[in-house]
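Below: the structure, in structure tokens.
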Amino acid sequence: MIAAQAKLVYHLNKYYQEKCQSRKAAISKTIREVCKVVSDVLKEVEVQEPRFISSLNEMDNRFEGLEVISPTEFEVVLYLNQMGVFNFVDDGSLPGCAVLKLSDGRKRSMSLWVEFITASGYLSARKIRSRFQTLVAQAVDKCSYRDVVKMVSDTSEVKLRIRDRYIVQITPAFKCTGIWPRSAAHWPLPHIPWPGPNRVAEVKAEGFNLLSKECYSLNGKQSSAESDAWVLQFGEAENRLLLGGCRKKCLSVLKTLRDRHLELPGTPLNNYHMKTLVSYECEKHPRESDWDENNLGDRLNGILLQLISCLQCRRCPHYFLPTLDLFQGKPHSALENAAKQTWRLAREILTNPKSLEKL
């Protein structure tokens with residue numbers, strides 16, 4: 001048993017060195033290329049409208065606010081200034097979303113975003129996005145990369161197609177630090193020793209983002225309340241949870257396997273599903289020793305089996321907001337197909353670790 005486990009870990013480490021590292025290097029190169037174009041577009045936006053200031057800064061070899069959705073798809077979060085006169089309200093009526101309401105009607109004129117405030121005092125995510133979309137469309141025509149960048153038209157999101165190869169969504173957002181949403185108040189679960197009080201305090205201080213992007217209710221149509229609402233996002237908090245042990249290595253292997261074998265019709269799976277399942281695995285295996293390098297094979301196997309179970313049940317709860325289903329809106333046939341492919345992959349890796357050389 002131990003010999004089999006060691007063999008799997010050996011092949012996983014080899015896979016990580018050869019396939020995952022080359023994936024990382026290729027994505028880093030793409031990010032540099034993409035960020036040059038996006039920065040140029042955002043510079044033009046800022047000239048037209050100083051309230052939209054680019055926050056795409058490079059720190060410690062990574063760009064703040066940039067998420068890799070897949071090797072050809074990225075999201076850039078554009079942090080807006082001054083949320084001060086609004087109260088953050090998440091009463092659970094819109095899973096995964098919250099609203100920003102004027103703390104006092106008399107403060108309307110004090111807001112930097114005064115013309116985007118609705119009659120009932122909400123700061124409308126949709127109105128801000130619509131204005132931003134107009135500005136980006138104008139900036140694309142003026143920027144020095146206009147020959148290689150186009151706006152994606154059939155969406156209310158702000159999306160750019162670069163060199164006909166990459167899609168970048170630019171999402172206006174507010175950073176909320178030092179507060180924690182009521183809809184995530186159940187976390188951390190009281191009977192689970194992970195991640196421990198110090199890490200919990202760090203994660204909660206890190207806070208979350210409020211993004212201006214489409215958030216659909218269960219029927220897939222947007223109500224007016226929803227279009228004014230902001231989507232909760234916990235990217236930095238989630239990254240903090242994955243520090244230590246082989247957690248990040250495990251996620252890297254999962255992302256590489258997804259890119260190579262689970263990029264399927266209907267796009268049932270993305271990198272964020274993988275990240276979410278690693279967090280759940282951390283809860284199931286709360287001891288640091290569970291995440292030693294020599295347990296990498298067990299952890300990966302556990303996550304793949306959990307993924308199959310989620311795909312078969314057609315439900316993948318968000319880690320911090322479990323009422324939000326990350327498979328919402330995905331075609332059932334795509335989820336079934338993904339379950340079959342994941343099962344094939346898991347069986348192959350477990351019964352013949354050497355197969356990783358070809359995967």
Side-chain angles (χ1 to χ4, degrees), residues 38 41-42 45 51-57 63-70 73-84 86-101 112-113 116-118 122-136 152 155-160 167-184 203 206-217 222-240 270-273 275-276 318-321 323-326 328-329:
V38 173
V41 170
L42 290 177
V45 168
R51 286 180 297 182
F52 291 104
I53 300 166
S54 173
S55 53
L56 187 61
N57 303 317
F63 285 89
E64 193 192 0
L66 182 129
E67 290 280 325
V68 178
I69 294 160
S70 79
E73 203 172 338
F74 306 88
E75 181 170 20
V76 169
V77 173
L78 181 83
Y79 293 109
L80 306 173
N81 285 330
Q82 202 218 356
M83 199 184 93
F86 296 97
N87 285 334
F88 164 77
V89 183
D90 73 326
D91 56 8
S93 59
L94 298 169
C97 299
V99 290
L100 291 172
K101 192 167 190 350
L112 186 64
W113 309 100
F116 305 110
I117 300 170
T118 65
Y122 293 107
L123 181 63
S124 169
R126 180 183 47 83
K127 285 182 177 179
I128 284 187
R129 189 166 71 246
S130 172
R131 171 82 181 119
F132 182 58
Q133 191 174 41
T134 306
L135 292 166
V136 171
V152 176
T155 171
S156 86
E157 316 274 35
V158 179
K159 287 188 180 181
L160 302 178
I167 297 281
V168 185
Q169 179 164 334
I170 311 174
T171 306
F174 286 105
K175 204 184 213 11
C176 305
T177 48
I179 58 170
W180 193 247
R182 196 182 345 176
S183 46
V203 165
E206 188 68 59
F208 55 95
N209 294 326
L210 290 175
L211 306 185
S212 167
K213 63 199 290 188
E214 290 174 1
C215 56
Y216 288 101
S217 61
Q222 271 200 319
S223 66
S224 60
E226 258 180 311
S227 61
D228 291 332
W230 297 75
V231 174
L232 291 155
Q233 187 240 34
F234 297 84
E236 291 304 318
E238 289 156 349
N239 291 341
R240 246 170 217 277
N270 59 35
N271 286 342
Y272 190 65
H273 294 121
K275 192 181 191 185
T276 300
H318 186 287
Y319 179 65
F320 285 118
L321 310 169
T323 55
L324 185 65
D325 175 18
L326 299 178
Q328 189 182 304

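Residues take their numbers from the sequence shown, with the count starting at 1. Computed from a prediction, not measured in an experiment: that's the story for all the values here.
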Could you walk me through whether Glu238 and Tyr272 pass the side-chain hydrogen bond (donor to acceptor under 3.5 Å, both in side chains) check?
-> CA-CA 10 Å; Glu238 289 156 349; Tyr272 190 65; 2.4 Å; yes

Does a side-chain heavy-atom distance below 4.5 Å link [X] with [Y]?
{"X": "Val38", "Y": "Ile170", "answer": "yes"}
{"X": "Asp228", "Y": "Arg126", "answer": "yes"}
{"X": "Leu42", "Y": "Leu78", "answer": "yes"}

Test His273 against every option in Asn270, Thr276, Asn271 by the side-chain hydrogen bond (donor to acceptor under 3.5 Å, both in side chains) rule and name the one that passes.
->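 Result for side-chain hydrogen bond (donor to acceptor under 3.5 Å, both in side chains) with His273: Asn270.
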
Carboxylate-amine/guanidinium proximity below 4.0 Å for Lys213 and Glu157 |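 So Lys213 does not pair with Glu157 through a salt bridge.
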
Can the positive tip of Lys101 be found less than 6.0 Å from the middle of the six-membered ring of Tyr122, inside 45° of the ring normal?
->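 Verdict for Tyr122: a cation-pi partner in Lys101.
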
Closest approach of Phe208 to Ile179 (non-hydrogen atoms, all atoms of both residues) =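 Here Phe208 and Ile179 meet closest at CE2-O, 3.4 Å.
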
Which heavy atom in Thr155 sits nearest to a heavy atom in Glu214, and how many Å separate them?
->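 Residues Thr155 and Glu214, closest heavy atoms: OG1-OE2, 4.0 Å.
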
Between Phe132 and Phe52, does the ring centroid distance fall short of 6.0 Å?
->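 Judged by ring-centre distance (under 6.0 Å), Phe132 and Phe52 do meet the cut-off.
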
Can I get a per-line list of side-chain donor-acceptor pairs under 3.5 Å for residues 91-99, giving both atom names and the distance, sequence neighbours left out?
residue	atom	partner	partner atom	Å
Asp91	OD1	Ser93	N	3.0
Asp91	OD1	Ser93	OG	2.8

Sequence-distant partners of Phe63, ring-ring contact (aromatic ring centres under 6.0 Å, His included), two or more places apart |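 Expected list: none.
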
Which class fits the ring pair Trp180 and Phe320: parallel under 30°, tilted 30 to 60°, perpendicular over 60°?
->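 Ring orientation, 0 to 90° scale: perpendicular.
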
Got a sec, which residues hit side-chain hydrogen bond (donor to acceptor under 3.5 Å, both in side chains) with Arg51, two or more places apart in sequence or on another chain?
->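 Residues passing side-chain hydrogen bond (donor to acceptor under 3.5 Å, both in side chains) with Arg51: Glu49, Glu115.
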
